[in-house]
Engineer: 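Quick one: the structure is below, questions incoming.
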Amino acid sequence: MTARWVNPHGDAKGGMVLIRNSLLSLVRTKGKTLLFTLLIFALTLTLSLGVSVWASIRQFLDDADDFYKTIGLIEYIGQSYPEDLVSDPEMAEDLANLDLSGVENDPATLLWNQTSRYFGYIEGFKRDDKVTQTFQPALLVISRVTYNSSYNAYTAVVARSIYSSFIQDDDLIILQTGYGALESDRYYVISGIAYIDWSPYGIVSPAVHENAAAEANGIDIPLIQDITVETDTGISYDLPEVYENAGRTLEVSQNFILVNSTDDLMSLYPFHQEEEYLLEGREFTAEEYENGDRVVIIPEFVATRLEKTIGDTITIGFTDADEPGESPHYWAGNGFRNEAEFKIVGIINTVKGKEWYVYIPGSVGVPATTLPIGYTVGQAVVRNDEAGDFTLRVAQLMDGRFTLTVYDQGYSDVAVPFITILNIAKILTAIVAVVELAVLIFFGYIFVYRQRETGESLLMLGAGKPWVSGYFPLSAGVIALI
């Protein structure tokens, strides 16, 4: 006779019996079950903490990457370094032989922002750094010249100050010898250097103001010229147009501004290191960089002198640099190379020596001067976490006097400790995950091995393979839930 097990409660009841048996199999050895539960709980808690630390540090590093900006500044160590306004012919020659494509195309480079500067002029702007110079150019119409034996010089009255930063019309001046014999009833236009020294009056010494742009047009400005005109009512003067142009030229050359065009304002060294920063307004937008909008950021000093504020406009006349690159290549008779109106969108703090630096988007199309101004070649915006590799690669490209300096605004000081912690968290999390998986597999194996006889008994009683097969997954499922 063959015994056959029949489920008296139907399929649903039979399922409940299997679940009950699965639970009973867990509590038959309470100590081992408790130990297993505590071990799995501890490993799961550790794993959760590891994943949480991993995610938190990753988010912090992503935020730090957005907040900090790393630049690689390339400079030329010339004879006048670190002067910012000098134009070094040796630098120009060496720069022509320097291959910057390796910097621009480096895998860590996000943006290559090559230095692009141009001279400009804003009507009505006066530079203090020129005014404070001891010796300044002067172009004057004088009359009533008298020899003064006490001074061993001439005194004269200024009929018209064509250009001088401090000598005005009707001022009494002292003329140093060198202009030749002068007559009191004549008008003269003189070129010279004006200063104040041993006399309360302005002193003018003979000096010819050389101008390459004028010379290129065949224009020569004499040291002195008699411009007297005799009329029925007396004597007067007729000033040649060349002197009008010369006066205007001196006005521009003594009060020019330095226009810096850039593709990323905040990557420029003064802004990156917060030497210069916005007081009002904003920096350029992505659309302004892309479209070449005529917008400008000016120092507070310029804004005050021009009585301008955010939203106002200024007209900038652009001119190239003269040899050796420290003054505009400008002659009033030729005019500016280009003039354009710009809207003020930002006002920055005033830095001594940079009171007359203004900034525009590079896409405006203002070219760099023929001769580079200053010793900064450019700056690359670099991926923060790849600055070390970038330095190793690009440093090999720096020939001669070119140098690379990397500035990261403190990113490495902040990120390196957290990167170390992140790596440790990754390792520990992986270890805990492997251990927990191994424990689950081990206890699953023990469970199946220990319940083998139960399965055989159920088969002998005719439970059928589906019921026996369900017994083990249900019991394992309860273990997994724990």
Engineer: Quick check: Phe418 with Phe60 (ring centres under 6.0 Å apart)?
Structural biologist: yes
Engineer: If you take all heavy atoms of Leu306 and Glu123, which pair is closest and at what distance?
Structural biologist: CD2-O, 3.8 Å
Engineer: Answer yes or no: does atom CD of Glu339 have more than 12 heavy-atom neighbours from other residues, nucleotides or ligands under 6.0 Å?
Structural biologist: yes
Engineer: Do Ile74 and Val103 come within less than 4.5 Å of each other through their side chains, counting heavy atoms only?
Structural biologist: yes
Engineer: Answer yes if the side chains of Arg337 and Tyr118 hold a donor-acceptor pair under 3.5 Å, and no otherwise.
Structural biologist: yes
Engineer: Rounded to the nearest 0.5 Å, what separation is found between the CG atom of Asn291 and the OG1 atom of Thr285?
Structural biologist: 8.0 Å
Engineer: Any heavy-atom pair between the side chains of Asp293 and Glu290 that's under 4.5 Å?
Structural biologist: no
Engineer: Taking all non-hydrogen atoms of both residues into account, name the closest pair between His209 and Pro137 and its distance.
Structural biologist: CE1-CB, 3.3 Å
Engineer: Between Asp264 and Val381, is any pair of side-chain heavy atoms under 4.5 Å apart?
Structural biologist: yes
Engineer: Distance alone, cut at 3.5 Å: any donor-acceptor contact between the side chains of Ser261 and Ser116?
Structural biologist: yes
Engineer: Do the side chains of Leu422 and Leu61 get nearer than 4.5 Å, heavy atoms only?
Structural biologist: yes
Engineer: About how many Å separate CG of Asn211 and CG of Leu250, when rounded to the nearest 0.5 Å?
Structural biologist: 8.0 Å
Engineer: With Ile57 as reference, evaluate Ile424, Thr420, Ile419, Ile421 under the side-chain contact (heavy atoms from CB on, under 4.5 Å) test and give the passing residue.
Structural biologist: Ile421
Engineer: If you apply the rule side chain to side chain contact (heavy atoms under 4.5 Å, CB included), what do you find for Phe166 with Ser164, and how did you get there?
Structural biologist: CA-CA 6 Å; Phe166 68 93; Ser164 173; 4.3 Å; yes
Engineer: Check whether the ring centres of Tyr121 and Tyr330 lie less than 6.0 Å apart, and answer yes or no.
Structural biologist: no
Engineer: Ignoring hydrogens and geometry beyond distance, is a side-chain donor-acceptor pair present between Arg127 and Asn255 at under 3.5 Å?
Structural biologist: no
Engineer: Please answer whether the main-chain N or O of Asn384 pairs with a side-chain N or O of Thr70 as donor and acceptor at a distance below 3.5 Å.
Structural biologist: no
Engineer: Do any N or O atoms from the side chain of Asn260 and from the backbone of Arg117 form a donor-acceptor pair under 3.5 angstrom?
Structural biologist: no
Engineer: Under the criterion side chain to side chain contact (heavy atoms under 4.5 Å, CB included), I'd like the reasoning laid out for Lys69 against His272: C-alpha separation, chi angles, the key distance, then a yes or no.
Structural biologist: CA-CA 8 Å; Lys69 178 177 287 187; His272 186 267; 4.3 Å; yes
Engineer: Report yes if the distance between the aromatic ring centroids of Phe119 and Phe318 is under 6.0 Å, otherwise no.
Structural biologist: no
Engineer: Supply the atom-to-atom distance Tyr81 OH to Met91 CE, rounded to the nearest 0.5 angstrom.
Structural biologist: 11.0 Å
Engineer: Less than 4.0 Å between a side-chain N and a carboxylate O, is that true for Glu300 and Arg305?
Structural biologist: no
Engineer: Measure the shortest side-chain to side-chain distance between Leu265 and Ile297 over non-hydrogen atoms and say whether it is less than 4.5 angstrom.
Structural biologist: yes
Engineer: Measure across Ala387 and Val382 and return the closest heavy-atom pair with its distance rounded to 0.1 Å.
Structural biologist: CA-CG1, 4.1 Å
Engineer: Check each of Ile314, Val364, Val345 against Val296 using the side-chain contact (heavy atoms from CB on, under 4.5 Å) test, and report the only one that passes.
Structural biologist: Ile314
Engineer: Test side chain to side chain contact (heavy atoms under 4.5 Å, CB included) on Ile360 and Val259 and set out the steps.
Structural biologist: CA-CA 7 Å; Ile360 62 175; Val259 182; 3.6 Å; yes
Engineer: Any side-chain to backbone donor/acceptor pair from Thr115 onto Thr376? Under 3.5 Å, distance only.
Structural biologist: yes
Engineer: State, to 0.1 Å, how close Asp408 and Ser412 come at their nearest heavy-atom pair, and which atoms those are.
Structural biologist: OD2-OG, 2.8 Å
Engineer: Quick check: closest heavy atoms across Ala303 and Ile347, and the distance to 0.1 Å?
Structural biologist: CB-CD1, 4.0 Å
Engineer: Using 0.5 Å steps for rounding, measure from the OH atom of Tyr289 to the CG atom of Leu111.
Structural biologist: 9.0 Å
Engineer: Give the minimum heavy-atom separation between Pro299 and Glu355, together with the two atoms involved.
Structural biologist: CG-O, 3.4 Å
Engineer: Would you say CZ of Arg383 has more than 12 non-hydrogen atoms from neighbouring residues, nucleotides or ligands within 6.0 angstrom?
Structural biologist: yes
Engineer: Between Asn217 (side chain) and Ile219 (backbone), is there a donor-acceptor pair under 3.5 Å?
Structural biologist: no
Engineer: State whether the side chain of Thr109 and the backbone N or O of Asn105 hold a donor-acceptor pair below 3.5 Å, judged by distance alone.
Structural biologist: no
Engineer: Establish, yes or no, whether a centroid distance under 6.0 Å links the rings of Tyr269 and Tyr407.
Structural biologist: yes
Engineer: Between Phe256 and Trp356, is the ring centre distance below 6.0 Å?
Structural biologist: yes
Engineer: Contact between Glu341 and Thr313 at the side-chain level, heavy atoms closer than 4.5 Å - yes or no?
Structural biologist: yes
Engineer: Just do the side chain to side chain contact (heavy atoms under 4.5 Å, CB included) check on Leu258 and Val358 with the steps written out, would you?
Structural biologist: CA-CA 6 Å; Leu258 186 64; Val358 304; over 6 Å; no
Engineer: Would you mind checking if Arg401 and Glu75 are paired as a salt bridge, meaning a charged N to carboxylate O distance below 4.0 Å?
Structural biologist: no
Engineer: Would you say the side-chain atoms of Thr319 pair up with the backbone N or O of Pro328, donor to acceptor, closer than 3.5 Å?
Structural biologist: no
Engineer: Are side-chain N/O atoms of Glu276 and Tyr359 paired as donor and acceptor at under 3.5 Å?
Structural biologist: yes
Engineer: With rounding to the nearest 0.5 Å, note down the distance linking CZ in Phe342 to CD1 in Ile298.
Structural biologist: 12.5 Å
Engineer: A side-chain contact here means heavy atoms from C-beta on lying under 4.5 Å apart; do Asp106 and Val394 qualify?
Structural biologist: yes
Engineer: Regarding Asp63 and Gln59, do their side chains bring together a donor and an acceptor under 3.5 Å, going by distance alone?
Structural biologist: yes
Engineer: Any salt bridge between Glu288 and Arg294, counting N to O under 4.0 Å?
Structural biologist: no
Engineer: Take the angle between the ring planes of Tyr375 and Tyr76 and call it parallel below 30°, perpendicular above 60°, tilted in between.
Structural biologist: parallel
Engineer: Taking the side chain as everything from C-beta on, heavy atoms only, tell me whether Gln114 gets closer than 4.5 Å to Leu100.
Structural biologist: yes
Engineer: To the nearest 0.5 Å, tell me how far Asp88 CG sits from Ile77 CD1.
Structural biologist: 11.0 Å
